[in-house]
Asker: 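Just dropping this structure here.
A, B, ... follow the sequence lines: proteins, then strands. Residue 1 opens every chain.
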2 protein chains.
Amino acid sequence: MVTMKEIAKQAGVSVSTVSLVLNNRDEGRVKSEIAANVRDIAAELGYKSNPLASSLRTGRTHILGFISEDVATTPYAGGIILGAQRAAQQLGYMLIVVSTDGRDSEAKEIAALQRYGTDGFLYAKMSNRLTGVPAALKDTPLVLVDATDEKGIVPSVEPDEFHIGYDATRRLINAGCQRIAYIGAADPIIAEQGRLEGYRAALAEAGRAFDARLVANVSNNEPALEAVSALFDAERPDGFFCFNDARAWYVYECAARRGLEVGRDISVVGVDNHLVFADTLTPQLTTVELPHFEMGYWSVAKLVSIIENSPLDDVEWPETTAPLPLLNGPMPAKIRCTLIEKESVRS
Amino acid sequence: MVTMKEIAKQAGVSVSTVSLVLNNRDEGRVKSEIAANVRDIAAELGYKSNPLASSLRTGRTHILGFISEDVATTPYAGGIILGAQRAAQQLGYMLIVVSTDGRDSEAKEIAALQRYGTDGFLYAKMSNRLTGVPAALKDTPLVLVDATDEKGIVPSVEPDEFHIGYDATRRLINAGCQRIAYIGAADPIIAEQGRLEGYRAALAEAGRAFDARLVANVSNNEPALEAVSALFDAERPDGFFCFNDARAWYVYECAARRGLEVGRDISVVGVDNHLVFADTLTPQLTTVELPHFEMGYWSVAKLVSIIENSPLDDVEWPETTAPLPLLNGPMPAKIRCTLIEKESVRS
DNA sequence: CTGAAAGCGCTAACAA
DNA sequence: TTGTTAGCGCTTTCAG
């Protein structure tokens, strides 16, 4: 590893000058030719700053901690982490991801991260839950990811749940479905409430009455299949909006057993958690894509803006697939979901 | 953060004495009462070493890099990473996971990690592939995870693919299946070859002829379902060994369409990549569990033993579910897979 | 058995 | 405009 000392020697200047130049603090402090020379030598020698050494002095490690309960075990989280990592890399930070199983390991992991001088934390939960914040994180720069602070204090980045439900239901309406069922989640999470509201709003807008019999709230367990099965037979829906793709699987299974074909006899829209379905396996499923990558990216950008006390505006946005408008016409296609940013309440 | 300096002041000794004691290098160098006193004060004050500061002097950061191509995007990897993280934590290391999409980002990520003074690297691929090793990693302590070095130089930890195929097929034979199909992968990867060999060996051992018509090698794409469907109708197998659970899904779909019930009419064993199936969704699927957690754990333990030049024996093994023996009798159940450790060729 | 002192790579006052 | 110096927290000779 080439150090500033070596560059200083080669350039015939002192280390502090090199430090000034390489940190772009040389404006009006170092003669421009010297600065240029230093930069040249640094480039030539392939100098890479040693962030650990500088952290000792500055107290900034440029390390970010990403904490999630079980997120890292699910593919769902992959995109978020990828996006977070990309943002971190572009902004000159290193992301350390830890997934904690239970309450106890969480505190331990946080402590371990803090020993490494983490500059700030991302805290992620699955499926937009209301959540408390670990005490150890109170006094650190912090952004919640796909979660909402129950006290409304900590800033967060989360999906626009209402529009997920709204867009999905609109799509089914536009596809000509007459009886649209909602296969929801049994847990009291924000995602569930928001999506259900969106479903109702879309129905109302189309002048249709809400019918509670068309709604099944199920968990990820054995009886779920029976519940969906019962709904299938009792109500004979021709459209299904599913809370996630695990729920969509139940619909697929029921359809297969009844000789119904998805895409011809019934239409299904599921929110994509990447939990169950690969695209190739379920070609007829219309998925609402959660912008996981963007969620991760945005979260890190926001965290860094807090840490560096800089505006969020000038972060470079990654090239991303163009948002797909809500189309009339045949299924399937992708529906793009938007994100919400909740500001911190404390100024 | 409480520093050694403070402890030294409180104890009325110098920092170096504190350092000696807290690193357990005090034997015969520091009077035992003083040592005890220092330890007490450290505990009382809740002293945590600052690994970054010590790394400056020692050149060891106790940071490990975990690199994987796309592993982090798939749930498959979750267990590996969890295990790796656990081992790292127990051995006093911090694990930084980066997943690279393509070749270019890989080099960049490695460089970024190396700037943070990574002590060593884990390099993971999915499904046990033969792989080359990035040039930048040549001179670092390195262990391959679920992959095999094509040159046979770098040590690796990987599943025992042969036994996966063997155990799965045995299970189907013992369950009474007469015509056992193998739904394999189309890619030329070690996992595929090994599992197929295991399948053939189990058949041979049972005195059954290998029948190529019962084997379908498919990719994760649309035609796969047709291929499985064709096999279903042409050969009418009553047992299926599937390369992974994505392949098992095709079998489920085909069965559902034909009114066949898995667990009654046909038996299915799939290798568990957690890609498609949650246990609750496919109660009748017998899965060969890949010991992802253990693979991650073992890999890190091995890497650390290389870095610290210490024997692998005294690493504490995590409590793990007892291995399930191969049972005669009814399906379903779990089959446990063992791991192989390949030693480095260079002594 | 213990402490003083140097130094890891870098930054930030302060002098010059 | 540049260099000197001190110090971040820790480890490690080397004297005492």
Asker: Quick one: is C:dC8 close enough that its OP1 or OP2 comes under 4.0 Å of any side-chain N or O from A:N50?
Answerer: no
Asker: Name the nucleic acid region contacted by B:I34, choosing base, sugar-phosphate or nothing; use a 4.0 angstrom heavy-atom cut-off, strictly under.
Answerer: sugar-phosphate
Asker: Between atom OG1 of A:T17 and atom CG of A:N37, what is the distance when rounded to the nearest 0.5 Å?
Answerer: 11.5 Å
Asker: Applying side chain to side chain donor-acceptor pair (under 3.5 Å) between A:Y297 and each of A:Q90, A:Q85, A:R86, report the one that passes.
Answerer: A:Q90
Asker: Is there a residue in residues 12-22 of chain B whose heavy atoms reach under 4.0 Å of DNA chain D, and which residues are they?
Answerer: B:S16, B:S19
Asker: Rounded to whole Å, please give me the gap between NE2 in A:H62 and P in C:dC10.
Answerer: 14 Å
Asker: Given D:dG9, is OP1 or OP2 found less than 4.0 Å from the side-chain N or O atoms of B:Y47?
Answerer: no
Asker: Atom NZ of A:K5 to atom P of C:dC10: distance rounded to whole Å?
Answerer: 10 Å
Asker: Pick the nucleotide of DNA chain C nearest each of B:A35 and B:R57; which residue has the one closer to the 5' end?
Answerer: B:A35
Asker: B:R25 has an atom CZ; how far is it from atom C1' of D:dT13, in whole Å?
Answerer: 13 Å
Asker: Could you tell me how far apart A:L56 (CG) and C:dC10 (P) are, to the nearest whole angstrom?
Answerer: 12 Å
Asker: Of all the nucleotides listed (D:dC10, C:dT2, C:dG9), which has the minimum atom distance to the side chain of B:A53?
Answerer: D:dC10
Asker: Within this structure, what is the CG-CD distance for the pair A:L113 and A:E109, rounded to the nearest 0.5 Å?
Answerer: 7.0 Å
Asker: Picking from C:dT11, D:dC10, D:dT11, which would you name as closest to the side chain of B:T3?
Answerer: D:dC10
Asker: Should B:Y116 be listed as having a side-chain N or O under 4.0 Å from OP1 or OP2 of C:dG9?
Answerer: no
Asker: Between B:R29 and B:P51, name the one whose nearest nucleotide on DNA chain D is closer to the 5' end.
Answerer: B:P51
Asker: Would you say that more than 12 heavy atoms from the other residues, nucleotides or ligands in this model lie under 6.0 Å from the CG of B:N309, or not?
Answerer: no
